[in-house]
Structure formats: structure tokens, C-alpha cells
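Let me begin by presenting the structure, written as C-alpha cells, before commenting on it.
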Amino acid sequence: MRRFAWAMLGLGLWGLEGGVEPAAGQDPQPTIELQHNRFNPVTTIPFKLSGQLFLKGHRPVVSLRIYNVLAQLVAIPVLRGSGKALDSLALTCPTQLGCAYSAYWDGFVANTGKPAASGVYIYQLVVDGQRVTKKILVKQPPQ
């Protein structure tokens, strides 16, 4: 029931573990690797993009969003080193081998100034329309 609800909301719970297999006769899909990360109130979310995504000067458009289990948007992390929100951000890579990036979330719910409650959250990386979704745990320190 829960999987169906998420799928209807377009959150793509069927993540791309280890990439996508191309159909016969098609070029292989570029690799998007998202590392699983346990959360504490402040966190970074590392991800890698293959060099294939940057061929011929292409700049892949990347978004990263964090949702609660009710599919409500909690936050949009920023790209480490740039300070720009990962919301339809076109990335560059100086090498054909691909690049590693890191997103930063301060642990606060967007537009509220309140820290996110302990619990399960979903984060979703979208690169040129290809979605990778993972479950995470936010654990606030005891007070």
C-alpha cells in the first residue's frame, strides 16, 4: 500500500540500485551513484555522476529533495562549495571520468526555522529526469 502511494506521488521508490540496464541496441545509460548515508541533524549527501553525462559539453540538470513519509517537501539541500540550492542546477565536470559532488543539509525544515524531527525521511536525486530515491534516518540528539 505504501509503495503504491509513493509511486502515485511520483517519488519513484524503485531506485536505481547499481544503474539501469539498457535495452538491446541502445547505448548504456550513464551511471548515477548515490551513497547511502545515516543522518544526524546536519549531514552531507555524497553522489557521483559518470563522465558520460557530460559528453559534448552537456551539463546535466540536478535536483535533490528531502521528503517526510507523508511526501511533504522538507528541504532542498545545497551543493557543497557553491552554496547553491540543488534545485534544477546544471552541473559541470572537468574530467571525462565523472565527478563526485556533495550536498549539504543543515537539518532544518525549509521556511520554518525548526529542526527536522527524528524519524524516517526520503531523499530523491533527479539527474536529467532519471530518479534515484533512498530512505534515510534522522536522529536528533537526546535533550
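Values reported hereafter were calculated over all heavy atoms of this structure, with side chains retained and with hydrogens, waters and symmetry mates removed. When a residue number appears, it is its place in the shown sequence, counting from 1. Quick caveat, the model's predicted, so the values are computed rather than measured.
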Taking the side chain as every heavy atom from C-beta outward, state whether [X] and [Y] have any pair of such atoms under 4.5 Å apart.
X      : Y      : answer
Pro46  : Tyr101 : no
Leu53  : Val127 : yes
Ile45  : Leu64  : yes
Pro115 : Phe108 : yes
Tyr67  : Gln124 : yes

Exercise for review: Using side chain to side chain contact (heavy atoms under 4.5 Å, CB included) as the criterion, point out the one residue from Ile66, Thr133, Val74 that pairs with Ile122.
Suggested key: Thr133
Would you compute the distance between atom [atom1] of [X] and atom [atom2] of [Y] and round it to the nearest 0.5 angstrom?
X      : Y      : atom1 : atom2 : value
Ile76  : Leu86  : CD1   : CG    : 9.0 Å
Leu91  : Leu89  : CG    : CG    : 5.0 Å
Leu125 : Arg131 : CG    : CZ    : 11.0 Å
Asp87  : Arg65  : CG    : CZ    : 4.5 Å

Point to revise | Worked verdict on Val120 versus Ile136 for side chain to side chain contact (heavy atoms under 4.5 Å, CB included) | key: CA-CA 6 Å; Val120 176; Ile136 55 172; over 6 Å; no
Closest non-hydrogen atom pair, [X] against [Y]:
X      : Y      : answer
Arg59  : Thr92  : NE-CG2, 3.1 Å
Ser102 : Thr44  : OG-CB, 3.5 Å
Cys99  : Pro94  : SG-CD, 3.7 Å
Val138 : Ala116 : CG1-O, 4.3 Å
Gly98  : Cys93  : C-SG, 3.4 Å
Tyr104 : Arg80  : CD1-NH2, 3.6 Å

Check your understanding: Within the side chain of Ser63, is there an N or O that forms a donor-acceptor pair under 3.5 Å with the backbone of Val126?
Key -> no
Practice item. Examine distances only and state if a side-chain atom of Asn68 and a backbone atom of Tyr121 form a donor-acceptor pair shorter than 3.5 Å. Key: no
Exercise for review: Would you sort out whether Val62 and Leu79 count as a side chain to side chain contact (heavy atoms under 4.5 Å, CB included), showing the intermediate values?
Suggested key: CA-CA 10 Å; Val62 178; Leu79 183 63; over 6 Å; no
